[in-house]
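Contents: one structure, followed by commentary.
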Amino acid sequence: MSGKMASSNSYKLRCSIPGHEMDVRGLASALFPDGAFVSVSRDRTGRVWLPNSSPDKGFTEVHSLSGHSNFVSCVCIIGPSETYPRGLIATGGNDNNICVFTLDQSQPLFTLTGHKSTVCTLSSGKFGTLLSGSWDTTAKVWLNEKCMMTLQGHSAAVWAVVILPEQGLMLSGSADKTIKLWKAGRCEKTFEGHEDCVRGLAVISNTEFFSCSNDTTIRRWLVTGECVQVYSSHTNYIYSLAVFPNSQDFVSTGEDRTLRIWRQGECSQTIRLPAQSVWCCCILPNGDIAVGSSDGIIRVFTPDEDRIASAEDLQAFEDDLSKTTIDPKTGDLGDIKMEDLPGREHLNEPGNRDGQTRLIKDGEKVEAYQWSVSDGRWMKIGDVVGGSNQQTSKNVMYEGKEYDYVFTIDVNEGGPSMKLPYNVSEDPWLTAHNFLQKNDLSAMFLDQVANFIIENTKGHVVGPALPAGGDPLTGGARYIPGASDERPGFGADPFTGAGRYIPGSGPNPSAPAGVADPFTALRQTATNIYFPKTDGVSFEQANSSQIIAKIKELNGDAPQEHRLSDEVLESLERLLVSVSEPNSSNSPPTIQEINLLWKASHWPEDIVFPVLDIMRLAVRHPQVNESLCGESEGVQLCNHLLSLMRPEGRPANQMLALRTLCNCFGGRHGRALLLAQRETVLLRAADLANVCNKNIHIALATLVLNYAGCLHSQPDLEAKAQCLSVASRALETVQDKEAVFRLLVALGTTVASDQTARDLARSLGVNSQISKYSSVSDPAKVAECCQLVLKELQ
């Protein structure tokens with residue numbers, strides 16, 4: 001670092017940049033040009049700033065960014081790529097959009113749409129991935145102008161997101177007070193500890209991160225889930241954090257008007273600003289700190305004596321600070337009792353730590369001072385107005401009534417402002433709703449106005465704010481699938497004993513027809529015989545006589561109300577014969593036989609498995625495929641099979657339901673049905689990776705492979721992203737080599753000839769996850785296929 005350092009813990013003002021007309025909500029240090037940074041504001045613009053060589057050591061605006069139709073609330077830099085060697089700038093706004101700019105164009109290169117409410121946080125990762133968080137309670141993963149995944153699980157606004165250096169790991173912090181860790185699109189862990197909204201996140205290393213909250217604390221966490229330290233010093237909401245390159249020291253800003261510098265776990269310096277909300281901060285490459293606040297000014301502080309502002313500018317900053325009025329109702333200064341305050345003589349005693357505040361009475365006035373260690377004196381930081389913060393007397397008149405607050409709301413550019421009166425005892429959502437109705441405004445603004453009230457009443461909300469993701473009718477939060485079953489011994493093969501009918505057994509269960517070990521003869525050639533595999537893989541093997549014998553045996557022991565008549569048994573037998581040999585002279589299945597099969601598939605779950613085995617074989621037949629998977633029946637079939645695949649269900653039913661779904665891909669109607677139901681089917685199937693049963697794992701891998709094959713030639717990136725995510729997660733638990741092989745073929749098929757899917761696989765860390773399979777010697781196809789996938793991902 002050039003120049004002489006001021007004492008190691010002391011930052012001083014370098015310059016004030018009156019760059020925006022409204023609050024500065026986001027700052028990011030740019031990679032190019034050297035020393036530049038980007039700011040974004042409620043004035044709907046972004047600006048790029050470059051250090052200038054003038055004696056005032058300031059910054060010059062080199063560029064303005066416009067593209068949002070509403071407030072801009074966050075910004076991040078996307079790292080350099082071959083296409084954009086200087087990187088890109090991404091901004092998120094209250095218009096629900098993300099705009100992406102090059103460093104020298106004022107209009108967006110492209111706009112990402114998909115969030116349903118304000119985009120309030122952005123973070124970028126390797127290979128061009130971008131992570132966004134929104135008031136709509138979701139986070140989204142973007143790549144090459146497309147949304148790849150939506151991360152659902154928070155029950156309120158997602159205020160903070162960050163991508164960890166460990167590939168594929170992402171964090172989100174929310175107004176629901178929790179932080180979630182996501183891997184390959186799935187929530188792996190929820191961190192609980194904060195007592196109010198989580199507002200900011202910052203990465204320390206591969207294994208640690210910081211969070212800050214409206215509860216006035218900063219926490220340090222291990223990725224494994226433990227909170228290892230809580231830092232307290234702020235007296236109001238904390239909005240942002242930034243970590244120094246040494247990965248230990250950091251800075252924070254908040255609603256208590258301060259920037260705080262933390263060294264060795266202690267708050268070593270507190271810098272007060274003449275603005276109520278200090279929204280954002282970033283650390284510049286030379287160690288200077290830029291902060292943005294509600295007065296529209298960006299201020300840069302430096303530890304380097306050569307860059308400190310002139311004596312006049314430092315004095316002007318101090319004068320601004322001493323003239324500010326501090327409302328004790330914010331609680332920033334603790335409770336104030338006028339009669340107990342000492343007089344001016346109290347300032348003759350030195351303070352005992354940097355940033356300590358002291359209130360004195362001067363006649364009828366109350367003044368606030370702060371101790372500066374580096375200057376060895378008390379600095380005035382403002383006049384206190386309004387007495388004790390315990391007072392609740394109403395103080396703003398509107399239409400003849402007194403209110404705690406009357407806000408001015410600007411909805412249309414240039415249109416008339418509207419007044420919104422509010423008392424802290426009211427529900428902000430109801431007040432927002434009434435305001436919109438009264439002014440004939442769109443209900444689309446509901447979240448925006450309610451959040452505006454919450455944000456600007458500084459936590460004085462008493463009314464019951466509904467969590468944004470709650471069901472408005474029941475108040476319950478959304479059901480998010482993904483809980484696994486942990487019962488001991490669960491998933492053991494339920495069938496034992498030689499010569500008995502065992503679903504899934506056949507001459508060679510590990511390689512059913514359709515993927516007999518491909519490819520012995522061609523081993524020497526370099527051709528890729530494994531993927532893309534676009535023709536579906538099915539489960540063909542069957543022993544019809546054993547299946548029917550098992551049904552009859554179970555039927556004999558079934559309770560009376562579930563017993564099948566001889567007529568139904570004969571119908572099932574006829575159907576089984578006609579579908580087992582589709583090319584024989586047997587008459588095709590009749591509608592009545594198909595209907596009886598559908599009925600029988602609703603037998604009690606402990607005995608239904610042989611009927612499911614008939615269904616698995618039957619759906620390969622064109623008539624049955626059309627009848628059961630067609631438009632009117634298909635969704636019922638899907639839902640029935642998914643209910644049998646519940647994580648707590650029976651392993652035999654889970655496996656046969658998966659195999660039935662795989663075989664549905666054999667017909668046009670089945671393919672169309674499964675593509676339409678993809679999201680639900682793959683979500684439920686993915687949970688079965690946690691069941692310890694290799695036949696289930698092979699069937700799960702085959703299902704993912706069949707989806708990958710269907711999607712190979714389609715540009716549906718969100719669908720491919722789900723295939724990648726499910727395959728990548730399954731590879732973490734699946735041991736069976738045949739299942740691993742099929743998952744590798746599914747990965748290869750998904751990324752083959754699709755650059756964006758390749759980039760996404762890289763950013764999810766698929767390379768490091770599968771590399772261990774490149775040395776498997778038996779069967780050799782596992783290593784060969786793995787090496788080809790790794791080659792695709794280079």
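The model shown is predicted, which means the values in this text are computed figures rather than measured ones. The analysis underlying the following values was restricted to heavy atoms, covering all of them including side chains, and did not include hydrogens, waters or symmetry mates.
In this structure, Phe191 has its ring center closer than 6.0 angstrom to the ring center of Phe209.
For the side chain to side chain contact (heavy atoms under 4.5 Å, CB included) criterion with Ser16, the lone passing option out of Ile298, Asp295, Ile297, Asp320 is Ile297. Among the candidates Thr83, Thr756, Thr129, the single residue satisfying the side-chain hydrogen bond (donor to acceptor under 3.5 Å, both in side chains) test with Asn144 is Thr756.
Contact check for Phe435 versus Ile453: no side-chain heavy atoms found under the 4.5 Å cut-off.
Between Phe301 and Phe317, the ring-plane angle classifies as perpendicular under the 30° and 60° cut-offs. A tilted orientation is assigned to the rings of Phe250 and Phe210, their planes being inclined by 30° to 60°.
Judged by distance alone, the side chain of Thr60 and the main-chain N or O of Val62 form no donor-acceptor pair under 3.5 Å.
A search for side chain to side chain contact (heavy atoms under 4.5 Å, CB included) contacts involving Ser66 returns Gln107, not counting sequence neighbours. Under the side chain to side chain contact (heavy atoms under 4.5 Å, CB included) criterion, Tyr84 pairs with Ser81, Leu88, Thr102, Leu109, sequence neighbours left out. For Ser240, the side chain to side chain donor-acceptor pair (under 3.5 Å) criterion is met by Thr253, not counting sequence neighbours. Shown here are the side chain to side chain contact (heavy atoms under 4.5 Å, CB included) partners of Cys74, two or more places apart in sequence or in another chain: Val119, Leu122.
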Using distance only, find each side-chain donor-acceptor pair of residues 309-316 under 3.5 Å and give its atom names and separation, not counting sequence neighbours.
residue: Ser310; atom: OG; partner: Glu312; partner atom: OE1; Å: 3.4
residue: Ser310; atom: OG; partner: Asp313; partner atom: N; Å: 3.2
residue: Gln315; atom: NE2; partner: Asp319; partner atom: OD1; Å: 3.0

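Of all non-hydrogen atoms in Thr324 and Ile381, the two that sit nearest each other are OG1-O, 3.0 Å. Scanning both residues, Leu241 and Ala202, for their nearest heavy atoms gives CB-CB, 4.0 Å. Minimum interatomic distance between Asp759 and Arg762 (heavy atoms only, all atoms of both residues): OD1-NH1, 2.7 Å. Nearest heavy-atom pair across Lys140 and Thr150 is NZ-OG1, 2.9 Å. Between Leu201 and Ser172, the shortest heavy-atom distance links the atoms CD1-C, 3.9 Å. Residues Trp142 and Ser132 share a closest heavy-atom pair of NE1-OG, 2.9 Å.
The environment of Lys146 atom NZ is sparse: at most 12 non-hydrogen atoms of other residues, nucleotides or ligands sit within 6.0 angstrom. At most 12 heavy atoms of other shown residues, nucleotides or ligands fall within 6.0 angstrom of atom NZ in Lys177. For Lys183, the NZ atom counts as loosely surrounded, since its 6.0 Å shell holds 12 or fewer non-hydrogen atoms of other residues, nucleotides or ligands.
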ask   = Stepwise, does the side-chain hydrogen bond (donor to acceptor under 3.5 Å, both in side chains) test hold for Asp136 with Ser117?
value = CA-CA 5 Å; Asp136 67 12; Ser117 188; over 6 Å; no
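Because its NZ or CZ atom is not both nearer than 6.0 Å to the ring centre of Tyr239 and within 45° of the ring axis, Arg199 does not count as a cation-pi partner of that residue.
Listed by first and then second residue, the side-chain hydrogen bond (donor to acceptor under 3.5 Å, both in side chains) pairs that reach into residues 24-35 are Arg25-Glu455, sequence neighbours excluded.
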